[in-house]
Amino acid sequence: MKKTLFCLLALFVLSGCETVSKYSTANAGDSVKTRMRACLVSEATAKFQAGTLFSKGISAMSDELVSTCMQKLALQSAGISQESQSTAATIIQNLQNFGTAQ
């Protein structure tokens with residue numbers, strides 16, 4: 001897994017965003033392996049752009065990326081979309097505001 005992540009990162013840095021973009025997208029009908037790879041590339045790219053990809057060791061960051069993607073794929077498989085997570089965040093925020101208003 002570490003070698004795969006390193007290779008993907010090297011590919012991104014050496015060849016630019018256009019080449020990697022084909023690896024960072026997946027459809028619901030794609031295999032779990034393809035969706036996991038797309039998620040890992042997407043998450044690593046986002047962290048790279050935010051400047052946080054190298055804030056931990058490779059092993060720790062690999063574990064974090066895998067954990068994040070496993071959680072995202074599990075939620076998608078359960079039918080819970082990003083929209084549902086956004087709705088939940090809005091509900092929590094509204095309850096928090098209600099609690100502080102009293």
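What's counted below: heavy atoms across the whole structure, side chains too, no hydrogens, waters or symmetry copies. Keep in mind that this is a model prediction, so the values were computed, not measured.
With side-chain heavy atoms closer than 4.5 Å counting as contact, directly or through intermediates, Val32 stands alone and belongs to no larger hydrophobic cluster.
Summarising the geometry, atom NZ belonging to Lys47 is positioned 6.0 Å from atom OG1 belonging to Thr68; distances are rounded to the nearest 0.5 Å. The SG atom of Cys69 sits 6.5 Å away from the CG atom of Leu73 when rounded to the nearest 0.5 Å. The CD1 atom of Ile92 sits 12.0 Å away from the CG atom of Asn97 when rounded to the nearest 0.5 Å. The distance from atom CG of Leu65 to atom CD1 of Ile58, rounded to the nearest 0.5 Å, is 11.5 Å. To the nearest 0.5 Å, atom CD of residue Gln93 and atom CD of residue Gln96 are 5.0 Å apart.
For Asp30, the side chain to side chain contact (heavy atoms under 4.5 Å, CB included) criterion is met by Ala26, Asn27, Thr34, Arg35, not counting sequence neighbours. In terms of the side chain to side chain contact (heavy atoms under 4.5 Å, CB included) criterion, Ser67 has no residue partners (sequence neighbours excluded).
Looking only at side-chain heavy atoms (C-beta outward), Met36 and Met70 come within less than 4.5 Å of each other. Between Lys56 and Asp63 the shortest side-chain heavy-atom distance does not fall below 4.5 Å.
Between Thr52 and Met61 the shortest heavy-atom distance is O-CE, 3.3 Å.
Not one N or O on the side chain of Ser42 forms a donor-acceptor pair closer than 3.5 Å with the backbone of Ala38.
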